[in-house]
Amino acid sequence: MSAAAPDAPGTAPLPGPAPATDRSVPGASLTPVFVRLKVSLLRNGLRQSAGRRAAYVATAVVVLLFAALQLLGLIALRGHAHVESLAVLLTAVVGLGWAVMPLFFPGGDETLDPTRLVMLPLRPRPLVRALLVASLVGIGPLFTLCLYAGSVIAVAHGGAAYATAVVAVVLGLLVCVALARTVAAANIRLLSSRKGRDLAVLSGLVVAIGAQLVNFGAQRLGSSGLSQLDPVGDVVRWVPPASAVGAVHAVSEGDYATGVAQLAISAATLAVLIVLWARSLTKLMTAPDGSTLQADGPAGRERSSSRRPRLLPSGRTGTVMERTLRYVWRDPKTKAAWVTSLAIGVLVPVFNAIQGAGSVYFSCFAAGMLGIQMYNQFGQDTSAFWMVAMTISSPHDAYVELRGRALALLSITLPYATLVTVLTTALLGEWGRLPEVLGLSLALLGAMLATGAWTSARFPYSIPQEGYKNVAPGQSGLAWIAIFGGMVSSALLCAPVIAAVIWLNVSADGDAWSWLLLPAGAAYGAGVTVLGLRMAAPRTAARLPEILAAVSRG
């Protein structure tokens with residue numbers, strides 16, 4: 001199957017002999033070619049720079065060390081009464097990771113993009129076999145193999161169980177790889193577009209949630225033991241690819257019918273994934289993509305461009321707010337920073353409150369994490385900042401620009417910080433501390449807005465648009481000074497409010513006056529914000545050339 005026939009008008013014939021049919025060249029001959037292609041891609045990628053080689057080697061060492069420790073840990077748990085539940089849950093989590101990996105990291109493996117092969121005379125079935133085998137080359141498959149090997153060794157007892165374990169390891173590994181390939185092939189048109197690549201910003205949210213879930217689960221297991229996993233394990237052992245490990249345990253217990261059924265579920269899942277994968281490849285190689293479709297007419301573009309939120313104020317302030325909010329929604333790097341901050345800001349206080357080990361003051365994380373977004377305001381504009389710089393001719397213009405950016409941030413941060421504070425207070429049942437905690441959060445937010453405006457003018461740095469780096473080479477020192485220096489300065493600015501909170505908590509009649517901290521903290525935060533913006537405006541107007549040069553690097 002080819003996207004264009006060799007004798008199509010306007011196309012040059014491919015060099016070399018004419019492609020043969022599937023009868024003369026069996027599809028299995030593609031497998032060693034694609035394996036060598038995968039190895040060549042890995043080798044050539046490491047040749048690009050010493051830094052990339054060092055990062056790859058360090059990642060490989062850490063992953064393999066973790067895989068070895070995990071393998072030894074599972075073997076050490078052999079014979080434990082509840083090890084089967086742990087094994088099936090671990091394999092299920094790894095299978096889920098294989099499923100979401102192409103969505104969050106579409107550029108992590110170039111061979112995940114089958115559109116690179118559409119111009120080659122290849123048929124789907126031989127291509128699926130070749131890609132499936134080539135996908136087994138890499139650190140991820142080796143880690144998965146170690147996990148499955150440790151899992152089946154931990155639950156296998158007897159010759160029949162060990163024989164089943166060999167089949168289970170192969171099936172589990174192939175299901176994981178085929179799952180990743182199927183998801184990538186089904187979504188490659190989306191992932192290769194600009195909006196599709198924005199899906200990667202969710203990785204920050206997933207990592208933040210996953211870290212808190214792992215922490216919460218580890219604490220529960222440490223206090224209650226592996227028996228807590230049995231109810232979930234009874235369900236997951238029937239879900240592929242974890243059902244392959246469940247089959248080994250069932251055979252060890254002498255329940256051969258259950259073991260065969262669980263192996264059959266994994267095998268059937270593998271077959272379904274391969275069929276879906278082949279259909280996706282056929283569609284990719286024969287169907288036109290979005291570049292061949294007619295774009296929307298000018299009327300539609302005019303309608304979309306004329307939409308403007310009515311809640312924003314008029315004049316330059318509303319224009320700056322709209323531009324800032326559009327950056328948050330459309331720019332991948334800005335969106336990634338906001339998503340991560342929103343996730344951590346709510347997860348830290350809420351998860352600690354659920355575990356019963358938190359404090360109501362942890363809700364200040366919400367204001368603190370979003371207050372960081374005020375730092376390096378001009379760096380978020382990158383080279384487009386010159387258009388903004390052309391409109392700033394006086395300290396007043398700079399003040400209005402900074403005020404609009406601060407108001408845009410407040411439009412999200414104020415309701416978010418209030419919601420997190422109320423939720424944390426409700427989970428801990430400390431409603432009496434709500435006014436003082438919310439007042440402290442508002443004061444902290446105001447201090448971070450003030451210091452963020454000043455550091456944006458004093459220590460600007462560029463944010464590269466490509467890759468995963470958030471700081472251009474050579475500007476890491478500026479970023480550290482801006483962020484951590486600003487955070488320390490914000491804490492010092494909040495010292496009066498912090499002192500008032502401490503004094504009311506140690507005072508005998510402090511509870512009767514704690515409600516005053518809410519209006520006092522709000523007024524203090526607003527005053528500090530206005531003062532910080534007015535102090536940063538003259539410096540911003542005077543340093544426009546230096547700011548433009550700094551944020552345009554990279």
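Note that the numbering runs from 1 along the sequence shown for the chain. If you're wondering where the values come from, they're calculated on a predicted model, not measured in any experiment.
From Glu401, atom CD reaches atom OG of Ser456 across 11.0 Å, with rounding to the nearest 0.5 Å. To the nearest 0.5 angstrom, Leu281 atom CG is 12.5 Å from Lys283 atom NZ. Distance check: Leu434 CG to Leu428 CG gives 11.5 Å after rounding to the nearest 0.5 Å. Put simply, CD1 on Ile372 and CH2 on Trp338 are 11.5 Å apart, with the number rounded to the nearest 0.5 Å. Here the CG-CZ distance, from Leu402 to Arg534, works out to 11.5 Å after rounding to the nearest 0.5 Å. Here Ile412 contributes atom CD1 and Leu325 contributes atom CG; the two are 5.5 Å apart, rounded to the nearest 0.5 Å.
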inquiry  = One pair to check against side-chain contact (heavy atoms from CB on, under 4.5 Å): Leu410 and Leu445. What are the steps and the verdict?
reply    = CA-CA 9 Å; Leu410 284 172; Leu445 178 59; 3.6 Å; yes
**Study point:** side-chain contact (heavy atoms from CB on, under 4.5 Å) between Phe378 and Arg405, worked out
**Key:** CA-CA 10 Å; Phe378 308 127; Arg405 294 173 184 251; 4.0 Å; yes
Trp98 vs Val183, side-chain contact (heavy atoms from CB on, under 4.5 Å): CA-CA, chis, key distance, verdict = CA-CA 9 Å; Trp98 277 93; Val183 172; over 6 Å; no
Note to self: With side-chain contact (heavy atoms from CB on, under 4.5 Å) as the criterion, how do Leu517 and Val501 come out once you've worked through the C-alpha distance, each side chain's angles and the decisive distance to 0.1 Å?
What the structure shows: CA-CA 8 Å; Leu517 285 174; Val501 171; 3.6 Å; yes
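When only modelled atom types and interatomic distance are considered, Thr540 and Tyr399 share no side-chain donor-acceptor pair under 3.5 Å.
In this structure the side chain of Cys364 reaches within 4.5 angstrom of the side chain of Leu440, judged on heavy atoms. Between Leu427 and Val350, some side-chain heavy-atom pair lies under the 4.5 Å cut-off. Under the 4.5 Å side-chain criterion, counting only non-hydrogen atoms from C-beta, Asn352 is in contact with Val348.
Panel note: side chain Lys335, backbone Val328; no donor-acceptor pair is recorded below 3.5 Å. The backbone N or O of Pro435 lies less than 3.5 Å from no partner atom in the side chain of Ser514, so there is not a single donor-acceptor pair. Under the 3.5 Å distance criterion, the side-chain polar atoms of Tyr524 are left unmatched by any main-chain donor or acceptor of Val497. Tyr416 places a side-chain N or O within 3.5 Å of a backbone atom of Leu342 that can act as its donor or acceptor partner. Of the possible donor and acceptor atoms, one in the side chain of Thr529 sits under 3.5 Å from a partner among the backbone N and O of Gly446. The backbone N or O of Ala367 sits nowhere less than 3.5 Å from a side-chain atom of Ser441 that would complete a donor-acceptor pair. A distance-only check finds a donor-acceptor pair linking the side chain of Ser411 to the backbone of Ala408 [under 3.5 Å].
The aromatic rings of Phe365 and Phe362 stand perpendicular to each other, their planes meeting at an angle above 60°, with 30° marking the opposite boundary.
Minimum interatomic distance between Asn376 and Pro460 (heavy atoms only, all atoms of both residues): OD1-CA, 3.7 Å. Minimum heavy-atom separation, Thr424 to Val360: CG2-CA, 4.2 Å. For the residue pair Arg539 and Ala457, the shortest heavy atom distance occurs at CG-CB, 4.2 Å. Between Leu442 and Ala522 the shortest heavy-atom distance is CD1-CB, 3.7 Å. Considering every non-hydrogen atom in both Tyr375 and Gln380, the closest pair reads O-NE2, 4.0 Å. Between Ala453 and Leu533, the shortest heavy-atom contact is CB-CD2, 3.6 Å.
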Can you give me every donor-acceptor pair (side chain of residues 384-394, partner residue at least two apart or in another chain, under 3.5 Å) with its distance?
{"residue": "Thr391", "atom": "OG1", "partner": "Arg316", "partner atom": "NH2", "Å": "3.0"}
{"residue": "Thr391", "atom": "OG1", "partner": "Val388", "partner atom": "O", "Å": "2.6"}
{"residue": "Ser393", "atom": "OG", "partner": "Asp397", "partner atom": "OD2", "Å": "3.0"}
{"residue": "Ser394", "atom": "OG", "partner": "Asp397", "partner atom": "N", "Å": "3.4"}
{"residue": "Ser394", "atom": "OG", "partner": "Asp397", "partner atom": "OD2", "Å": "3.4"}

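Counting only residues at least two apart or on different chains, the salt bridge (Lys or Arg N to Asp or Glu O under 4.0 Å) pairs with a member in residues 422-448 are Glu430-Arg433, Arg433-Glu436.
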